[in-house]
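Chain letters run A, B, ... following the sequence lines, proteins first, then strands; residues in each count from 1.
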Amino acid sequence: MPKKPSSPLRSLARGLVRASWHKQNLYNIFKKEAYRRSASLYQQKWESKRETRAYHGEHMTENNWLGIFQKNLVGAETLHDKDDKSSEREPLPVGLQLYAPVERRLDMAMFRAMFAGSPRQAREFISSGKVKVNGSKVKHGFYPLRPGDVFSVEPECVLTAVGREKPSDGLSKDIDAKQLEAFNKFKESCREDPRNMFEQKFMPTSVDGPYDPDRLYKKVRAMTVENLTNKIQGLSLDGVSADELTARGKEEVEQYRNEFQANGNVAADDKSISQLATQFFRLDNSGSNPSPEAVELLKKIVERRVDIQQAELQDLVRLFRGAATVYDARWYYAYLEEYCGSALPWQDGAYGLQDISKPYFTPWTPRTFLAPFAIVPWHLEISYKTCHAVYLRDPITRRGHSEVISPLPLYMHENAYLFYVRDRQ
Amino acid sequence: MPFSTRNILVSTARGLSPGQSSTSGSYTQVRGVRIGPGSYLNRDYGLVGRHTLPRSHMIQWFGEKGLNGDFYKNPYCYAPSDHIPNYIPHTSSKISRDDIVKKMADPNYRKNVNENTYKPFPLNPYTKTSFLLSEELREAILQSCRDPKMSLWQISARYGIRKERVAATVKLAKIENQWENEGKITPDLARYAHRMYMMMPITNGRLSQNTLADKLGEEPLEEIVPPKTAQRNNIQIMHETAKFSPEDAASFFHAPEAAELMDRQLYSDMPKAVSFQGVKDKELVKKIKQWKGRYTDVVFKGNNIWTAIPAKVGKVGYRYGASRDHRKKHRKHKDERLNI
């Protein structure tokens, strides 16, 4: 009979961290803090054991765990580490090897390979015959893997575990009704004020706040030669660290200063303008230079040949932001009923029920709150296309790094080890 | 139910930070407060008295729900697709959810990639994520197996990936090819594989060393992991006159013999070019050149040169303190057997 959880799996009062992708578990991880209660040694050991066992092998009974518990904890050294006797060496977190035997189990390995949302769900897949090891079906979650073993899961199970929940017919209808209402409102506002809606859609908000054409206009108007020269004069090498400014960068800044002092003018280089433009518009696209048109326009501004107007400002912003579309008063026609029908253009069929025969949300999308748990294990090699994985070797510990994945601090594992070593003696 | 006017502690925690007490807040006068058995309904002021206080804090942490029920404003809701993980950040000070939301709104947030970006749990700095092999690296490894065919050890040393992982990659590639030919990879499965690949961090190993991920993804190849057989108590009782050879030791530890290891491809495939610029003794250089390439590589460590040379068991070293050599004339000893 599988072991039932001794305490609620997602209790907020206890705040125990579990091996699970549930969003409440994520909240418990976020909320958890490392503390050392001023308690007796036995109380500390007991609490460490409670916390660590809640994550590592919670689905195992205590006797099963004690059967695979190993007293000898071993770390790995490299050839160079042996000779390096400096005090700056990273510590060897051997305590984290305590729960390494649990990672050998098939259900735990499936959870680590992200084929199941928790070891309990993995055990369900295993007991229903959906899992094979080296080509043969294995129906027990405790199956201990050996280095070189290849285990595989049926893709439908993995897609159900990792994907969104399939909505019921009623829920799908409700969501579609809400989406339709919002979409109709959007189309109405497009008809009333197409220019404003275009800017909202294609001019994304910046860090400072929402897109404000007046503010940007003032900024560019202020971008006269005087202000630019002040900016260049203000570039001092004192505030900038040596790593940031290369030798070449320092030369350029000094060159500007000398030119300004000599001529009272700014040399309108393509490179210098693009550098200043990044400061002004806080561009994200590092590595890619602005287009030649944008650079030319800015050159003209710098040389006071163009008195920039509101409309030109928007073109400038568009050029620098890299928006592909040019404004057209009929830009929203693609969304209207007379052209695309009454269906929602981004959806084929009902919400989440594109293919009703599948047990998961279709078209397949990953479940929410998956990213904080997306850890690539060191002791497995995974193929997501075929839902196969290879157990490379038992997880080991080296200087500054442990292959055993655990959200809990090292001292908790060490205390738990002390608890179990005493028990075994 | 009796009501009264009281000064009540109103919880101002909008998004509880770790360590923050749930009873923090300010005092304010409230009318219509329940006293007596129904007073448990007073606790929630932000939400209608349906939830306990910890649960109401959790609901505030998740944030607003969208049309389809997603907590779309929560920074951890959606999976990224730029190979940069989206973990709970490592910070020394206590950080609240609102601070994280502000941080993540900054377009430069995901560009400040450092070692802590690849550590998923703030309480455990020893747990780090590994890296998937990028498509280029994977293709390079598979190409190395075809023509010209390199050995496992050579591929491992060239790309900075452990040999077990190289072998596993080749194995899984065969299975993928088979599935593609049989048409088993459905569109949903391909979509899933693509999303997972884009979400996880990738490395190019030693192919290119441009990003931090490439440097962190280079695995340590020179590790000594003590075999499990060597971790036990190794006491074997044997007769006084019985001999214990290296073969017996190998079978006891269930490990390959040293001679077998030496003959393996590792040593024959290792680079045979060794520079002798540091060595001043030319006679010694001549002798080393005779040994080079036949046994193991030559290692320069400190002021010494080390290499393995053939020697017979029983003739290596000298048994000091044997019963024959305890007299005064034997105290000065010069070993001439190795002829160095």
Contact origin within [X] toward chain B - heavy atom pairs under 4.5 Å:
| X | answer |
| --- | --- |
| A:Leu408 | backbone |
| A:Met114 | both |
| A:Lys358 | side chain |
| A:Ala182 | side chain |
| A:Thr362 | side chain |
| A:Val17 | neither |
| A:Ile382 | backbone |
| A:Pro407 | both |

Looking at every heavy atom in both [X] and [Y], which two are closest together, and how far apart are they?
| X | Y | result |
| --- | --- | --- |
| A:Trp378 | B:Thr129 | NE1-C, 3.6 Å |
| A:Leu392 | B:Ala168 | CD2-CB, 3.6 Å |
| A:Ala371 | B:Pro80 | CB-CD, 3.6 Å |
| B:Thr169 | A:Glu381 | OG1-OE2, 3.7 Å |

With only heavy atoms counted, which part of [X] is less than 4.5 Å from chain A, the side chain, the backbone, both or neither?
| X | result |
| --- | --- |
| B:Arg195 | side chain |
| B:Gln178 | neither |
| B:Ile185 | side chain |
| B:Tyr118 | neither |
| B:Met58 | both |
| B:Lys119 | neither |
| B:Ile175 | both |
| B:Pro120 | side chain |

Flag the pair [X] / [Y] as yes when at least one side-chain heavy-atom distance between them is below 4.5 Å, and no otherwise.
| X | Y | result |
| --- | --- | --- |
| B:Met200 | A:Tyr384 | yes |
| A:His388 | B:Lys171 | no |
| A:Arg164 | B:Asp70 | yes |
| A:Thr386 | B:Lys184 | no |
| A:Ile29 | B:Phe121 | yes |
| B:Trp179 | A:Ser383 | no |
| A:Arg393 | B:Arg162 | yes |
| B:Leu189 | A:Val158 | no |

Are the side chain of A:Trp364 and the backbone N or O of B:Ala190 linked by a donor-acceptor pair below 3.5 Å?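 Looks like no, no N/O pair under 3.5 Å.
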
May I ask you to decide if B:Thr127's main-chain N or O and A:Ser402's side chain share a donor-acceptor pair within less than 3.5 Å?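 Side chain of A:Ser402 to backbone of B:Thr127, a donor-acceptor pair under 3.5 Å: no, none is there.
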
Between [options], the one whose heavy-atom pairs under 4.5 Å with chain B are most numerous:
| options | result |
| --- | --- |
| A:Gln179, A:Arg398, A:Met412 | A:Arg398 |
| A:Ser406, A:Pro409, A:Gly400, A:Gly148 | A:Ser406 |
| A:Leu370, A:Leu96, A:Ile375, A:Leu380 | A:Ile375 |
| A:Cys387, A:Pro366, A:Ala374 | A:Ala374 |

For B:Met196 and A:Lys385, run side chain to side chain contact (heavy atoms under 4.5 Å, CB included): C-alpha distance rounded to whole Å, both residues' side-chain angles, the deciding distance at 0.1 Å, then the answer. CA-CA 10 Å; B:Met196 294 302 280; A:Lys385 267 190 198 173; over 6 Å; no

More than 12 heavy atoms of other groups within 6.0 Å of [X] [atom1]:
| X | atom1 | value |
| --- | --- | --- |
| A:Lys166 | NZ | yes |
| A:Glu181 | CD | no |
| A:Glu165 | CD | no |

Output the distance between atom NE2 (A:His413) and atom CG (B:Asn124), rounded to the nearest 0.5 Å.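 Taking NE2 in A:His413 and CG in B:Asn124, the distance rounds to 6.0 Å.
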
What's the separation between atom CG in B:Asp188 and atom OG1 in A:Thr365, rounded to the nearest 0.5 Å?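 Between atom CG of B:Asp188 and atom OG1 of A:Thr365 there are 9.5 Å.
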
Output the option from B:Arg191, B:Glu164, B:Glu180, B:Glu219 having the highest count of non-hydrogen pairs under 4.5 Å with chain A.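 Of B:Arg191, B:Glu164, B:Glu180, B:Glu219, B:Arg191 has the most heavy-atom pairs under 4.5 Å with chain A.
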
Test applied, ring pair (Phe, Tyr, Trp, His ring centres under 6.0 Å); reference residue, A:Phe369; option that passes from B:Phe62, B:Tyr72, B:Tyr76: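 Per the ring pair (Phe, Tyr, Trp, His ring centres under 6.0 Å) rule, the option paired with A:Phe369 is B:Phe62, out of B:Phe62, B:Tyr72, B:Tyr76.
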
Between B:Trp61 and A:Lys31, is a side chain to side chain contact (heavy atoms under 4.5 Å, CB included) present by the stated rule, with each step listed? CA-CA 10 Å; B:Trp61 186 87; A:Lys31 216 175 50 154; over 6 Å; no

